[in-house]
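Read through the structure below, which is laid out as structure tokens, and then see the notes.
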Protein chains: 2
Amino acid sequence: MDTASRTEALSQRLADSGLRSTPQREVVYDVLLKKRDHPTADEVFARVKPELPTISLATVYNCLETLVACDLVRAVNIERGPTRYCPNLRPHAHFHDVKTGRTHDIDLPPEVLEKVQAVLPKGYKPSSIEITFRGSAGAPVDATGKSTS
Amino acid sequence: MDTASRTEALSQRLADSGLRSTPQREVVYDVLLKKRDHPTADEVFARVKPELPTISLATVYNCLETLVACDLVRAVNIERGPTRYCPNLRPHAHFHDVKTGRTHDIDLPPEVLEKVQAVLPKGYKPSSIEITFRGSAGAPVDATGKSTS
DNA sequence: TTTCTATTTAGAATAGTTCTAATTCTCACT
DNA sequence: AGTGAGAATTAGAACTATTCTAAATAGAAA
């Protein structure tokens, strides 16, 4: 999807919620889509500034909040510290690499989601499920199950 | 397990890490075990004070950090806001009720854990897995899948 | 154009946590 | 029992991330 059609999709979602499409909201959203490394509000601010030099941090917070409210972006709180933002709308888990501090997405097949939901008592219907792994990404594991790194 | 043997277990764990058992650490741990409602540091502080009126908030933070480091307590960050603390060491998920703001534990059977781990690429070995549900606890769901509450 | 409301903005305020430096405690050794 | 070293506690200052506030701006609608 190119920038024009992304903008289109964004405007549509915003309109659905009775909100306006603004340059700030568009650029914040584009920045999230462009580099999907779960940036903090500060990082988004830094990336948006070259494009919109007069934008304020408060606006970045406002835009992020709006995008989350429109279900275009997920707010991610993996550990104490700044909230991070993720424009991936597909069901996915997060792998948080404790060595690098980086987090990446891992697609969740529907059958895994179902299996997880099944642990809930009958009748419980969660509105969302978060799954987060913590560890050293790619650390090979030997036959004894001990990490070799 | 009574308080005496809990204290015993705590001392042991602390000693294993080269740390001392102190009244502050004991009371903080007891408070967590007694009411397992995932309290914040502030809430722990308030519950510990009657027992140890001179304790400081900084000490509560220190004790909690120590207990987490000794693997006796888990720090839980479900959403933006204060970290919460959980002395449940069994594999479990969290159900966060958005109406009441309360969070409760849901045991995770080993086969579900395995199924979830299986989404990771070969060789990845997570050191921990967090699963969090969000929703209205106990909201009955009718045949159409719509919540009736 | 004028008006009305949404949005943005800068800076102040707040919440939660961590840091600092001084004190107190505890243990090991005499 | 007395002493010295390191561990733990304490109060308050500092810090980080976020939210709030009030004024300025921008856009749509009349």
Side-chain angles (χ1 to χ4, degrees), chain A residues 7 10-31 38-49 51-70 72-85 101 103, chain B residues 7 10-11 13-29 31 38-49 51-70 72-85 101 103:
Chain A
T7 299
L10 169 61
S11 307
Q12 193 49 60
R13 280 296 185 98
L14 289 167
D16 290 352
S17 304
L19 300 168
R20 293 177 189 162
S21 183
T22 67
Q24 289 87 346
R25 286 171 179 167
E26 282 168 19
V27 175
V28 165
Y29 188 44
D30 273 356
V31 151
H38 307 86
T40 64
D42 264 344
E43 287 164 352
V44 171
F45 183 45
R47 292 175 198 179
V48 167
K49 253 193 163 168
E51 201 74 14
L52 297 173
T54 65
I55 198 172
S56 80
L57 179 57
T59 301
V60 170
Y61 275 104
N62 290 341
C63 291
L64 290 170
E65 196 192 335
T66 300
L67 294 172
V68 169
C70 292
L72 284 164
V73 168
R74 274 169 63 179
V76 178
N77 283 283
I78 285 178
E79 50 186 359
R80 224 250 133 216
T83 297
R84 294 173 171 280
Y85 297 88
T103 295
Chain B
T7 299
L10 169 62
S11 308
R13 279 296 185 98
L14 288 167
D16 290 351
S17 305
L19 300 168
R20 292 177 188 162
S21 184
T22 67
Q24 290 86 346
R25 285 171 180 167
E26 282 168 20
V27 176
V28 165
Y29 188 43
V31 151
H38 307 85
T40 64
D42 264 344
E43 286 163 351
V44 172
F45 184 44
R47 293 175 198 179
V48 166
K49 254 192 163 168
E51 201 75 15
L52 298 174
T54 65
I55 199 172
S56 79
L57 179 56
T59 301
V60 170
Y61 275 104
N62 290 341
C63 292
L64 290 170
E65 195 191 334
T66 300
L67 294 171
V68 169
C70 291
L72 284 164
V73 168
R74 275 168 64 179
V76 179
N77 282 283
I78 285 180
E79 50 185 359
R80 223 250 134 215
T83 297
R84 293 173 171 279
Y85 297 88
T103 296

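These numbers come from the heavy atoms of this one structure, side chains and all, not from hydrogens, waters or symmetry mates. Lettering of chains follows the sequences in order, A, B, ..., and the numbering in each one begins at 1.
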Legend entry - Base-contact (B) and sugar-phosphate-only (S) positions in nucleotides 20-30 of chain D, heavy-atom cut-off under 4.0 Å, - elsewhere: B------S---
Inset, instruction - Starting from C1' on D:dG12, measure out to OH on B:Tyr61 and report it in whole angstrom. - result: 15 Å
Legend entry - Closest heavy-atom pair and its distance - B:Arg84, B:Glu43: NH1-OE1, 3.7 Å
Legend entry - Side chains of A:Ile55 and A:Lys49 in contact at under 4.5 Å (non-hydrogen atoms): yes
Inset, instruction - For A:Thr59, answer base if it contacts any base atom (sugar-phosphate contacts may also be present), sugar-phosphate if it contacts only those atoms, and nothing otherwise; contact means non-hydrogen atoms under 4.0 Å. - result: base
Inset, instruction - Answer yes or no: is there a side-chain heavy-atom contact under 4.5 Å between A:Leu19 and A:Cys70? - result: yes
Inset, instruction - Using atom types as modelled and distance alone, determine if a side-chain donor or acceptor of A:Arg47 lies under 3.5 Å from a backbone N or O of A:Val31. - result: no
Inset, instruction - Could you check if a side-chain atom of B:Thr66 sits within less than 4.5 angstrom of a side-chain atom of B:Leu14, using non-hydrogen atoms only? - result: yes
Legend entry - Approximate separation, where rounding is to 0.5 Å, of A:Gln24 CD and A:Asn62 CG: 10.0 Å
Inset, instruction - For C:dA6, take OP1 and OP2 only and decide whether either is under 4.0 Å from a side-chain N or O of A:Thr22. - result: no
Legend entry - A:Asp30 side chain near A:Val48 side chain, heavy-atom distance below 4.5 Å: no
Inset, instruction - Give B:Thr54 one of three labels, base, sugar-phosphate or nothing, depending on what nucleic acid heavy atoms sit under 4.0 Å from its own. - result: sugar-phosphate
Legend entry - Integer-rounded Å distance: C:dT17 C1' and B:Phe45 CZ: 14 Å
Inset, instruction - Map B:Asn77 and A:Gly18 onto DNA chain C by nearest heavy atom, then report which one ends up closer to the 5' terminus. - result: A:Gly18
Inset, instruction - Report which part of the nucleic acid A:Thr83 touches: base, sugar-phosphate, or nothing (heavy-atom distance under 4.0 Å, all strands). - result: sugar-phosphate
Inset, instruction - Check the distance between C:dT26's P and B:Leu19's CG and give it to me in whole angstrom. - result: 15 Å
Legend entry - Integer-rounded Å distance: D:dA17 P and B:Glu79 CD: 19 Å
Inset, instruction - Identify, between B:Leu57 and B:Ser21, the residue whose nearest nucleotide on DNA chain D lies closer to the 5' end. - result: B:Ser21
Inset, instruction - Could you tell me the separation between the CD atom of B:Gln24 and the C1' atom of D:dA11, rounded to a whole number of Å? - result: 14 Å
Legend entry - Contact nearer the 5' end of DNA chain D, comparing B:Asn62 with A:Glu65: B:Asn62
Inset, instruction - Could you tell me the separation between the CG atom of B:Leu52 and the C1' atom of C:dC25, rounded to a whole number of Å? - result: 14 Å
Inset, instruction - Could you check how far CG of A:Leu64 sits from P of C:dT7, rounded to whole Å? - result: 15 Å
Inset, instruction - Take the protein atom CZ of A:Arg25 and the nucleotide atom C1' of C:dT9, then report the distance between them rounded to whole Å. - result: 14 Å
